[in-house]
Amino acid sequence: MANLLKLRLGVSERALQPTLHDCLEAMLGQADLLMTDVLQGLTAACDPSSPRRVAAFQKGNVRSAVLALGADTKAVCQSFREELTRIVYEGGGKEQVHTELLRFEDLQLFEDAELDQSIEVARAQQEVSLAVDDVLPLLDSLMSTLLGWRTIQPGLNPLRPDVYVRALQACLSQKMPDTAVRESLITPAAGLLGANLRKLYRELADWLRSGGIEPAVPIGGKLNQGSGASGTVVADSVAKTLLTLDRLRKLLSGDFDAPRSNDFLHTVPASMAMLQDMKQVDALVRRLEERPKADTAPPAETQPVAVDDAALPRLGHQLGQEVVRLMFDNLGHDSRLMTAYKQQLKKMEPAVFTLAQHDSRFFSDRTHPARQFLDRVTQRSLAFSNESDEGWSRFLGTLEDAARWLDSKVVDADVFGELLDQLQAQWTEHDQVQRARREEAARALLHAEQRNLLAQKLAADFAHALEGLEVAQFVGDFLKGSWSQVVAEAQLSCADGSDDPYGYRAVVDDLIWSVQKSTARRGRGRRLAQMIPGLLAKLREGLERIDYPPELTARFFENLVTLHHDALQEGRDAAAKAAADAIESAPPHAPGAAAEESEMWLASREAQESGYLDGDSFMHEDFLDPEPAYEPEAPAAEAPATGELRTGTWVELMVGGAWLRVQLTWASPHATLFMFTSLAGTAHSMSRRTLDRLRTQRLIKVVADRNVVDEALDQVAKAALKNSLDNKG
């Protein structure tokens with residue numbers, strides 16, 4: 001193992017600061033030694049005379065498989081190195097499957113082989129995480145700095161433990177097709193890998209710090225040296241529950257003597273219970289049941305308890321209650337929800353308990369009225385971040401009425417459906433004015449996007465027409481910027497499809513000719529005198545059509561008139577010539593310059609209707625937080641390309657020096673414009689470029705991009721898997 005710890009990098013000898021590439025290459029260079037040490041450890045466990053002998057490894061098929069791996073060490077190491085290299089440079093991608101990423105949406109798409117892999121990786125991930133827990137936080141902070149982040153982003157570390165686990169699992173899958181044998185070996189192999197990886201992590205962190213790399217700062221707290229790769233810590237109450245996959249297996253196999261198999265479907269954790277094909281769940285729990293048992297006896301609290309037949313149905317009901325309780329516990333600890341709202345949820349909890357005991361569809365069917373009720377009220381509650389927010393008292397009052405109404409009823413699905421209909425009717429009455437306002441703003445934004453996309457094409461045409469001509473810079477910028485918007489607006493507003501319905505495109509050639517230095521002199525003055533009045537009138541008419549700002553209009557015409565006056569004087573007026581020369585040689589004024597292709601231009605009416613926010617309005621020093629409490633989240637692997645936000649996402653947006661809770665309610669088809677609205681109906685729209693700038697300046701932060709109730713149920717599934725792995729260890 002001594003050789004494994006000797007990182008030799010030329011960059012360290014040159015006393016240069018290490019780069020991200022240096023780190024990756026250094027760690028990948030140790031892949032063969034890592035796997036060799038793992039194989040040696042497994043081989044020693046198979047040797048009957050070795051002090052590291054493991055009884056479970058003496059079985060014929062397991063021992064034969066390990067010896068075969070040892071005999072083919074070179075090929076196994078190559079496979080591990082190649083797979084590790086691929087995953088490291090791809091960042092792991094969607095192949096990251098472990099307890100922290102367990103979701104119903106993922107499981108629903110899994111094939112049987114993928115389910116096997118997820119269980120294997122979860123068990124191995126647990127072993128490696130325990131081994132590196134004390135050294136990983138520091139490495140995460142240093143790697144985050146190399147990646148360009150100010151705050152620690154563990155999920156972006158290309159050398160994170162789950163990358164090594166994934167490579168190990170892929171390598172063993174290639175060399176060991178027997179699933180049962182592989183499941184017997186992957187946990188001890190991961191333990192050996194974790195022990196050596198811990199030493200590598202420590203040395204890499206020391207090397208980076210000695211090279212001058214400063215660790216990134218944690219988000220809202222000091223660096224925790226003992227929180228490692230375990231992700232979100234599950235509450236102690238969760239770890240002590242009945243909810244394990246082993247009990248789930250017994251429940252589904254009829255060990256609780258349920259009258260009907262579907263009666264206890266509601267006890268399945270959300271991410272598994274919602275699988276429509278129960279055969280998949282049966283196959284999953286059957287594979288879990290067939291896993292090799294540990295040689296040591298399980299802890300006393302996990303020993304099988306003998307119960308009589310009469311007690312079995314009660315145990316099933318207790319397990320169902322536990323799933324519901326954990327879901328409400330997760331909602332109760334969610335910092336995004338208002339305290340008063342959590343109190344009303346607590347009052348509704350008994351009704352959900354009662355329903356879940358008699359209606360198995362609560363967890364298996366997302367369209368169940370009770371599920372829909374919890375989803376809708378919880379998502380709507382995210383609109384409020386403070387009790388002083390407009391509409392909060394009215395919303396809280398409806399919840400209080402709902403809690404009292406549920407308490408007075410014999411609860412079933414129809415009761416929740418009736419309650420949801422009543423609430424929805426109240427909300428619809430309140431929201432209809434805001435909805436109409438949002439729809440009008442969306443229409444204005446959609447038109448603006450269409451005009452801007454067309455203007456970009458026209459600007460390219462105008463730029464081509466200017467090539468090789470001596471034209472003042474401000475005129476070229478005007479044509480490629482403002483006037484392309486004028487022509488585009490005219491084309492979009494024309495019903496007959498005419499290419500130039502108002503003659504605005506034809507004005508381009510006249511304007512270019514009127515300001516060219518190299519234009520022939522003979523007869524030019526006479527033609528200019530005839531052209532200029534109509535040209536100026538046409539330009540003013542077009543700019544008025546798009547509500548071009550008056551101050552920019554005045555500046556443009558002042559410069560244009562100066563050039564025309566000099567041209568009409570034909571050099572006879574020295575003062576006019578000097579003024580024209582000064583304008584032609586001056587750099588373009590920023591407000592009059594052509595807009596960047598990534599920026600959006602809106603007319604004043606469109607901007608007013610949609611609450612359009614110009615990116616420059618956010619850049620004042622008063623709005624910047626020198627020590628932000630958060631940093632924009634790292635892009636998720638599954639996030640869409642359109643601004644990495646989904647319609648329906650709740651965010652907090654800094655507007656006017658204050659944080660506002662708003663929801664992304666509309667995104668344009670080409671993802672160039674986004675509109676956020678508050679529950680009060682106030683719209684805030686922006687371009688894609690502005691949205692990116694807000695993220696960079698930390699003036700927007702995501703509150704929830706998924707359904708909060710779904711997240712709470714996913715946590716129940718993670719707890720079930722975690723408890724099963726702990727008990728099966």
Side-chain angles (χ1 to χ4, degrees), residues 452 455-456 458-490 500 502-597 599 601-604 614 616:
N452 276 272
Q456 288 180 15
L458 292 169
D461 293 341
F462 299 161
H464 180 71
L466 289 166
E467 289 181 0
L469 302 179
E470 294 184 79
V471 176
Q473 182 67 45
F474 83 93
V475 175
D477 289 341
F478 172 79
L479 288 175
K480 291 180 288 185
S482 308
W483 198 249
S484 65
Q485 296 281 342
V486 171
V487 179
E489 178 65 30
D500 192 15
Y502 303 103
Y504 295 142
R505 185 158 189 165
V507 168
V508 174
D509 292 336
D510 290 344
L511 177 60
I512 292 175
W513 183 87
S514 72
V515 296
Q516 284 185 66
K517 288 184 176 181
S518 58
T519 303
R521 292 289 179 178
R522 178 177 295 182
R524 185 173 186 237
R526 188 183 314 110
R527 183 182 175 188
L528 278 176
Q530 297 173 349
M531 174 193 297
I532 287 175
L535 174 63
L536 296 181
K538 204 69 172 179
L539 290 172
R540 291 185 184 279
E541 175 189 308
L543 293 175
E544 289 175 1
R545 182 177 289 272
I546 64 168
D547 294 332
Y548 194 63
E551 64 276 10
L552 298 184
T553 299
R555 182 182 299 118
F556 170 75
F557 279 104
E558 179 182 350
N559 291 339
L560 182 61
V561 168
T562 299
L563 294 186
H564 284 167
H565 179 65
D566 176 53
L568 290 171
Q569 293 299 316
E570 297 181 345
R572 294 188 297 270
D573 188 333
K577 187 176 187 311
D581 289 343
I583 290 173
E584 289 176 336
S585 60
H589 195 277
E596 298 182 36
E597 291 186 2
E599 188 55 274
W601 184 85
L602 270 71
S604 59
D614 189 341
D616 291 335

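One-based numbering along the sequence shown. Note that this is a predicted model, so its numbers are computed, not measured.
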Exercise for the section: Evaluate the criterion salt bridge (Lys or Arg N to Asp or Glu O under 4.0 Å) for residue pair Asp510 and Lys538; output intermediate values, then yes/no. Expected result: CA-CA 11 Å; Asp510 290 344; Lys538 204 69 172 179; over 6 Å; no
Problem - Contacts of type side-chain contact (heavy atoms from CB on, under 4.5 Å), residue Ala488, not counting sequence neighbours - result: Arg451, Leu454, Ala455, Leu458
Handout entry: Nearest-0.5 Å distance, CG of residue Leu528 to CH2 of residue Trp513
Key = 4.5 Å
Completion exercise
Rounded to the nearest 0.5 angstrom, the CZ-CZ distance for Phe462 and Arg505 is 5.5 Å
Handout entry: Contact summary for Ile546 and Ser482, nearest pair of heavy atoms
Key = CD1-O, 3.9 Å
Problem - Interatomic distance, Phe474 atom CZ to Leu479 atom CG [nearest 0.5 angstrom] - result: 10.0 Å
Exercise for the section: For Lys577 and Asp566, work out which heavy atoms get closest and say how close. Expected result: CA-OD1, 3.1 Å
Fill in the blank from the handout: side-chain contact (heavy atoms from CB on, under 4.5 Å) with Gln516: of Val471, Leu511, Leu563, only one passes, and it is Val471
Problem - Backbone of Lys480 reached by a side-chain donor or acceptor of Ser484 within 3.5 Å - result: yes
Problem - Beyond-backbone contact of Leu560 with Leu539, side-chain heavy atoms, under 4.5 angstrom - result: yes
Problem - Residues which pass side-chain contact (heavy atoms from CB on, under 4.5 Å) with Asp573, listed by chain and number, not counting sequence neighbours - result: His565, Gln569, Ala575, Ala576
Exercise for the section: Using the test side-chain contact (heavy atoms from CB on, under 4.5 Å), find all partners of Arg545 that sit at least two apart in sequence or belong to another chain. Expected result: Glu489, Ser493, Tyr502, Tyr504
Exercise for the section: Mind telling me whether Tyr548 and Phe478 have parallel, tilted or perpendicular rings, with 30° and 60° as the class edges? Expected result: perpendicular
Completion exercise
For Asp500, the side chain to side chain donor-acceptor pair (under 3.5 Å) test, sequence neighbours excluded, returns none
Practice task
Rounded to the nearest 0.5 Å, what's the gap from CD1 on Ile512 to CG on Leu466? Could you check?
Solution key: 4.5 Å
Problem - Sub-4.5 Å side-chain heavy-atom contact between Val486 and Val507 - result: no
Problem - From CG (Leu602) to CG (Asn452), nearest 0.5 Å - result: 7.0 Å
Completion exercise
Smallest heavy-atom separation, Ala580 atom then Thr562 atom, equals N-CG2, 3.9 Å
Exercise for the section: Please identify each residue that fulfils side chain to side chain donor-acceptor pair (under 3.5 Å) with Glu544, with sequence neighbours left out. Expected result: none
Problem - By salt bridge (Lys or Arg N to Asp or Glu O under 4.0 Å) - contacts of Asp547 (at least two apart) - result: none
